[in-house]
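A quick note: this is a predicted structure, and the numbers were derived from the prediction, not measured. By convention in this document, chain letters (A, B, ...) are assigned in the order of the sequence lines, proteins followed by strands, and residues within each chain are numbered from 1.
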2 protein chains.
Amino acid sequence: MEQYQNPLFTIDNVLFTVAQAELKVLLVKRAIEPFIDQWSLPGGFVDPLLDASVEACARRKLQEKTGVAPSYLEQLKVFSGHQRDPRGFAVTLAFYALMGEQAAQSHIDTVHDAQWLPVHQLQDYPLAFDHQTIIAEAVARLKQKALYSLVPVYCLPAQFTVTELMTVIEAIIERPIQRKSLMRRIEASDMFIAVDEKVSTGKRPAQLYQLKPDADIYLFERNLAE
Amino acid sequence: MEQYQNPLFTIDNVLFTVAQAELKVLLVKRAIEPFIDQWSLPGGFVDPLLDASVEACARRKLQEKTGVAPSYLEQLKVFSGHQRDPRGFAVTLAFYALMGEQAAQSHIDTVHDAQWLPVHQLQDYPLAFDHQTIIAEAVARLKQKALYSLVPVYCLPAQFTVTELMTVIEAIIERPIQRKSLMRRIEASDMFIAVDEKVSTGKRPAQLYQLKPDADIYLFERNLAE
DNA sequence: CTTTTTAAGTGTCCTAATGACATTTATTTT
DNA sequence: AAAATAAATGTCATTAGGACACTTAAAAAG
């Protein structure tokens with residue numbers, strides 16, 4: 001039963017953030033063949049000596065590229081086939097992850113082989129393997145999640161305003177939402193506490209919120225309307 | 001970069017059906033070590049010569065055990081770690097699948113190493129590997145899907161009545177639902193056509209429905225209430 | 001042949017989360 | 001002090017589902 005050659009098994013990460021009201025994904029320039037010098041998703045081979053699980057491997061790969069752990073990480077799905085890698089039948093487990101932009105900025109600025117690219121400009125770049133497809137599926141999944149949960153908050157720093165969260169959600173789902181609806185959801189989710197501080201970027205100062213230490217991700221029973 | 005030993009990569013299937021108003025899962029008796037003679041999920045190694053993708057592999061494994069293709073098949077998630085297989089670091093991609101019970105019954109009756117077991121009696125059986133965990137996650141995922149889609153219909157034969165679909169859904173989500181709500185969803189989903197025929201199992205004959213040939217799975221914007 | 005029984009299916013009102021949007025509040029700028 | 005504006009709230013409309021009474025179509029009983 002074990003006479004088969006084990007297929008090539010890898011991990012890929014679709015790490016998102018939102019900056020300048022745009023959804024962006026972290027891409028790295030490949031240093032080796034195949035697809036050398038093309039943009040690709042950060043990932044690689046599992047090292048059973050270093051990684052206790054596929055999740056641990058994904059985190060390690062992201063840490064290497066950004067210098068920090070992502071705020072959110074979840075399996076997307078497995079992509080497989082004979083066509084996706086010129087070396088033969090290949091299997092990759094794709095994760096999608098979220099983090100605040102500035103958390104990684106200092107680290108990313110020091111390297112030239114990693115870069116945030118807006119997801120809506122990706123069609124202009126030839127990406128390695130089937131990474132275009134993987135990103136498209138990750139975007140779709142994130143969009144869905146944004147309709148029935150507040151996971152987009154993981155694209156923000158630890159403390160944030162309602163307006164910032166609104167901007168992130170709108171960037172992800174690509175349409176405006178009602179501030180009132182968002183505030184009701186923040187309240188109902190019971191995931192956040194109002195920080196004893198406000199920020200005044202413009203006129204009236206905005207309340208800062210942060211995740212409760214033990215907060216579970218609350219799932220709403222309805223989607224935001226189409 | 002490829003100096004690592006490739007981890008053991010396998011496929012596992014959680015194949016569900018509903019019979020006697022109970023959610024059941026197909027288990028097979030292991031013929032080889034480890035966990036020989038214990039109940040386990042049908043699965044195995046990918047054969048790149050036979051399988052065009054991991055999905056194709058999952059379908060092949062299920063076909064071998066049931067004689068037919070499942071009506072529904074979807075990736076659940078990858079399970080990995082050093083503890084789950086005594087042979088070392090192991091990675092398995094678990095699928096969950098749905099089918100009508102009688103479609104496989106004749107085939108399963110001829111073998112003694114495959115059997116439908118009610119998910120609520122599984123704690124009495126020592127399952128191989130971490131299959132108990134995998135099944136629990138598959139059940140949770142199916143439950144969720146049953147709240148915002150009509151995927152449970154894939155547990156039924158091609159033609160079915162509203163009452164049958166109601167029974168399947170109630171078995172999955174473990175609480176009664178309103179027939180009226182289900183009929184509204186059947187109508188709104190636009191996934192089915194009323195067959196020009198009725199069945200009279202009891203008193204007033206019931207309308208038969210079947211999936212439209214090209215039907216997409218409709219996702220409702222609200223969950224059935226908790 | 002009429003009445004009873006019962007599962008199938010419909011009508012109708014209630015409920016709750018969200019959308020829409022007007023209104024109020026707090027702060028900066030003029 | 002007044003104007004401007006982003007933040008936050010009040011309130012009514014909308015909509016899908018829940019509850020449940022009611023009707024319908026057939027079989028069974030009398």
Side-chain angles (χ1 to χ4, degrees), chain A residues 21 144-150 152 156 159-170 173-210 218-226, chain B residues 21 143-150 152 156 159-170 172-210 218-226:
Chain A
Q144 261 307 111
K145 283 238 165 180
L147 296 178
Y148 63 81
S149 80
L150 294 176
L156 291 170
Q159 302 197 342
F160 60 90
T161 67
V162 173
T163 300
E164 288 169 338
L165 180 51
M166 202 164 112
T167 302
V168 167
I169 294 173
E170 292 179 340
I173 71 177
E174 296 179 283
R175 61 177 184 73
I177 63 169
Q178 296 277 329
R179 167 187 295 266
K180 179 76 195 218
S181 299
L182 177 54
M183 298 208 68
R184 282 189 286 227
R185 285 188 159 207
I186 289 173
E187 167 101 32
S189 73
D190 199 34
M191 291 171 65
F192 309 101
I193 44 175
V195 177
D196 188 20
E197 192 186 344
K198 303 185 184 224
V199 276
S200 35
T201 43
K203 305 292 174 169
R204 178 175 174 176
Q207 179 64 57
L208 279 178
Y209 291 86
Q210 64 183 28
Y218 185 86
L219 304 182
F220 300 95
E221 294 202 343
R222 304 191 189 178
N223 283 0
L224 296 175
E226 301 286 306
Chain B
K143 242 179 196 168
Q144 260 307 112
K145 282 239 167 182
L147 296 179
Y148 64 79
S149 80
L150 294 176
L156 291 171
Q159 300 196 343
F160 61 90
T161 67
V162 173
T163 300
E164 288 169 337
L165 181 51
M166 204 163 109
T167 301
V168 167
I169 294 173
E170 291 179 338
I172 292 171
I173 71 176
E174 297 179 281
R175 60 176 186 73
I177 62 169
Q178 296 276 329
R179 167 187 296 266
K180 180 77 195 216
S181 298
L182 176 54
M183 298 206 68
R184 279 190 287 227
R185 283 188 158 206
I186 290 174
E187 167 100 31
S189 74
D190 199 34
M191 292 171 65
F192 308 101
I193 43 175
V195 178
D196 188 19
E197 191 186 345
K198 303 186 184 226
V199 277
S200 36
T201 44
K203 305 291 176 172
R204 177 176 174 177
Q207 179 63 58
L208 280 176
Y209 291 86
Q210 64 182 25
Y218 185 86
L219 304 182
F220 300 96
E221 294 202 342
R222 303 189 188 179
N223 281 2
L224 296 176
E226 301 288 305

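Atom C1' of nucleotide D:dG17 and atom CG of B:Leu224 are separated by 8 Å, given to the nearest angstrom. Taking atom CE of residue B:Met183 and atom P of nucleotide C:dG11, one finds them 11 Å apart after rounding to whole Å. As rounded to whole Å, 12 Å separates atom P of C:dT18 from atom CD of A:Glu187. Distance CG (B:Asn223) to P (C:dT18): 11 Å, rounded to an integer number of Å. In this structure, the CG atom of A:Leu150 is 10 Å from the P atom of C:dT18, given to the nearest Å. To the nearest angstrom, P of C:dA17 lies 17 Å from CD1 of A:Ile186. Taking atom CE of B:Met166 as the reference point, atom P of C:dG9 lies 11 Å away to the nearest angstrom. Note: CD (A:Glu221) to P (C:dA17) measures 8 Å, nearest angstrom.
Under the ring pair (Phe, Tyr, Trp, His ring centres under 6.0 Å) criterion, B:Tyr148 pairs with no residue, sequence neighbours left out.
Along DNA chain C, the nucleotide nearest to A:Arg222 and the one nearest to B:Leu208 differ in position, and the one closer to the 5' end is contacted by B:Leu208.
Between B:Arg184 and B:Gln178 the shortest side-chain heavy-atom distance does not fall below 4.5 Å.
Remark: B:Arg179 is in phosphate contact with C:dA8, judged by side-chain N or O atoms under 4.0 Å from OP1 or OP2. For the OP1/OP2 pair of D:dG18 and a distance below 4.0 Å, the side-chain nitrogens and oxygens of B:Ser181 include at least one atom meeting the criterion. At C:dA7, none of the side-chain N or O atoms of B:Thr163 fall inside 4.0 Å of OP1 or OP2 (strictly under the cut-off). Residue B:Arg184 places no side-chain N or O under 4.0 Å from the OP1 or OP2 atom of D:dA16. The phosphate of D:dA19 has OP1 or OP2 within less than 4.0 Å of a side-chain N or O from B:Gln178.
Side-chain N/O atoms of A:Arg204 and base N/O atoms of D:dA7 include a donor-acceptor pair closer than 3.5 Å. The base of C:dG9 has none of its N or O atoms less than 3.5 Å from a complementary donor or acceptor on the side chain of B:Lys180.
Looking at A:Glu221, its side chain never comes within 3.5 Å of a backbone N or O of B:Ala225 through a donor-acceptor pair. Using modelled atom types, one side-chain atom of B:Gln207 and one backbone atom of B:Val195 make a donor-acceptor pair closer than 3.5 Å.
Backbone-only engagement by A:Gln207 is indicated by non-hydrogen atom pairs under 4.0 Å involving sugar-phosphate atoms exclusively. B:Thr161 comes within contact range of no nucleotide atom at all, as no heavy-atom separation falls under 4.0 Å.
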Steps toward side-chain contact (heavy atoms from CB on, under 4.5 Å) verdict (A:Gln159, A:Val199): CA-CA 10 Å; A:Gln159 302 197 342; A:Val199 276; over 6 Å; no

